[in-house]
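One structure is given here, and the rest of the page talks about it.
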2 protein chains.
Amino acid sequence: MTVWDRPEPPTRPVPLDRERIVAAAIALADEGGLEAVSLRKVAARLDAGPMRLYGYIATKEELFDLMVDEVHAEILPEEQFGDWREVLRIRAHRTRQATLRHEWLADLLGGRPTLGPNALAVTEAALAALDGLADLDTVLRAVETVSAYSTGAIRREIANLRAERATGLSKRDWQRASGPHLRKMLATGRFPALAKAVHDGTEVDAEASFATGLDWVLDAVAAKLARPPA
Amino acid sequence: MTVWDRPEPPTRPVPLDRERIVAAAIALADEGGLEAVSLRKVAARLDAGPMRLYGYIATKEELFDLMVDEVHAEILPEEQFGDWREVLRIRAHRTRQATLRHEWLADLLGGRPTLGPNALAVTEAALAALDGLADLDTVLRAVETVSAYSTGAIRREIANLRAERATGLSKRDWQRASGPHLRKMLATGRFPALAKAVHDGTEVDAEASFATGLDWVLDAVAAKLARPPA
DNA sequence: TCTCATGCCGATACACTGTATTTAATTATT
DNA sequence: AATAATTAAATACAGTGTATCGGCATGAGA
């Protein structure tokens with residue numbers, strides 16, 4: 001035995017904390033989706049045994065919550081500017097962008113109440129931007145309506161993106177050709193309006209579509225803020 | 001051995017089909033949530049071995065898709081009446097009601113493109129109701145915007161419902177007391193607008209809140225239909 | 001410095017999952 | 001009636017989240 005093959009000294013256990021655990025989990029999820037996140041793999045990435053994690057995390061769901069909150073740090077802009085409409089619009093777009101960077105977020109969005117510090121800060125910023133523009137109930141409804149639209153639209157966008165990715169087809173032809181299934185369905189003649197939509201619909205990019213729907217919703221909110229309920 | 005303990009004649013294998021499988025899966029999910037649905041349990045409920053199912057279903061995800069489509073049969077009303085706005089409103093409310101009956105649907109809503117016959121029929125009905133009221137792109141955007149709001153709002157409602165159910169608290173006190181966690185967060189003073197909202201927000205029932213946001217979105221759609229884009 | 005106690009880390013264990021594969025049984029066909 | 005084809009069942013595998021247990025290393029007390 002030489003110095004070269006002398007066994008490594010027993011590695012001191014790397015100190016862990018939630019931050020490192022969450023970062024490892026996010027890295028795994030970014031690479032392989034949510035289903036690639038297992039406590040064993042997260043622990044392995046930190047050179048630890050699986051049970052180590054339970055000193056910092058009570059359950060896997062809690063880890064997911066922490067992941068979601070961590071991404072909310074990317075969503076909250078450093079500084080707020082613009083009127084309430086700009087604030088809400090930017091919040092929606094940043095949420096969408098964060099989800100495009102971390103597709104697994106789509107699976108979690110809206111799935112559980114978000115009570116982490118970053119998520120609360122995001123909500124706080126939205127509420128603050130609307131503060132005083134109408135009675136509290138209206139303000140709450142406004143924020144919730146916009147964010148309901150956002151999460152719904154983002155989820156659908158990611159769902160479609162995954163579907164077309166799975167078939168490996170160009171966006172244009174995706175619907176028309178998503179398996180013989182949809183084609184056959186449309187061929188039955190039971191869905192004429194849908195068939196027309198699939199056939200004649202122009203290709204619009206996802207961001208524009210998201211932005212347009214968002215603007216509609218913001219228009220609606222603007223109308224309610226101007227004319228608060230009796 | 002008497003006639004009494006004579007072994008049962010070997011039970012003929014019960015003939016299966018997708019319908020029965022999906023029904024069993026839905027029953028399990030209704031009772032214990034999505035996570036209670038395992039192929040083994042579904043098969044057991046049909047007196048079959050787990051592998052039997054693979055003759056009718058390629059994967060568990062496909063089973064989920066079939067479950068979602070099955071519930072869409074409850075969403076599609078027997079007969080359509082009213083103008084486009086009524087059609088879209090009813091569709092949203094029926095989706096919400098179906099989700100309240102089958103809470104697991106909230107976990108799946110918007111998660112994957114819905115291409116089953118019932119889901120297509122639901123979409124078809126919506127498109128048909130808007131047909132001709134504007135150019136096709138506007139009509140599509142309208143339907144998608146409303147359904148994005150619906151899925152987002154429904155998911156949040158179910159998420160909150162589960163959270164308050166978990167804490168076993170009355171709706172009124174839920175936010176104020178969801179663990180020491182939220183209280184501590186609000187006590188930091190970093191979230192004044194949020195604190196005010198939690199403190200002063202009146203208790204509104206979920207259905208009214210859903211309906212109000214939906215009406216806002218429908219107002220927005222109405223405005224765009226009246227004035228199609230240049 | 002030696003002993004004892006405490007807390008933490010890793011290993012083991014359990015009950016379960018989705019699904020591939022291999023074997024057995026049953027049906028159909030010649 | 002014998003063989004071929006189809007179908008069900010049993011077994012197997014690799015993985016999961018998490019409870020429990022055993023040992024080791026570190027700290028305190030003497």
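Labels below follow one simple rule: chain letters A, B, ... track the order of the sequence lines, proteins then strands, and each chain is numbered from 1. No experiment lies behind these values; they were computed from the predicted model shown.
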Extract from the structure each pairing of a protein N or O with an N or O of nucleotides 4-7 of chain D at less than 3.5 Å, listing the distance.
none

Take atom CE of M51(B) and atom P of dT23(C), then tell me their distance rounded to the nearest Å. 17 Å
Please identify each residue that fulfils side chain to side chain contact (heavy atoms under 4.5 Å, CB included) with V87(B), with sequence neighbours left out. Q80(B), A129(B)
Summary of ring pair (Phe, Tyr, Trp, His ring centres under 6.0 Å) pairs that have at least one residue in residues 144-165 of chain B, sequence neighbours excluded: Y149(B)-F210(B)
Nucleic acid contacts - residues 28-44 of chain A versus DNA chain D, non-hydrogen atoms under 4.0 Å: V37(A), S38(A), L39(A), R40(A), K41(A)
Across all chains, not counting sequence neighbours, the ring-ring contact (aromatic ring centres under 6.0 Å, His included) partners of H72(B) are none
Applying side-chain hydrogen bond (donor to acceptor under 3.5 Å, both in side chains), can you list everything that pairs with E103(A), at least two apart in sequence or on another chain? R165(A)
Residues forming a side-chain hydrogen bond (donor to acceptor under 3.5 Å, both in side chains) with E31(B), sequence neighbours excluded: R45(B)
Roughly how many Å is it from CG in L53(B) to C1' in dA8(D), rounded to a whole number? 12 Å
Distance in angstrom units between I21(A) CD1 and dG17(D) C1', rounded: 15 Å
Once you round it to whole Å, what is the distance between P of dT17(C) and CZ of F64(B)? 12 Å
Using the side-chain heavy atoms of K60(A), tell me which of these nucleotides is nearest: dT18(D), dG18(C), dA9(D). dT18(D)
Give a yes or no answer on whether the side chain of R94(B) reaches the backbone of E74(B) with a donor-acceptor pair at less than 3.5 Å. yes
Could you note down all residue pairs passing side-chain hydrogen bond (donor to acceptor under 3.5 Å, both in side chains) where residues 33-43 of chain B supplies at least one of them, sequence neighbours left out? none
Under the side chain to side chain contact (heavy atoms under 4.5 Å, CB included) test, residues paired with A193(A) that sit two or more places apart: E124(B), L127(B), A128(B)
For a quick test of reading the model: is some side-chain N or O of T59(B) closer than 4.0 Å to OP1 or OP2 of dG18(C)? no
For atom CG of L63(B) and atom P of dT19(C), their distance in whole Å: 10 Å
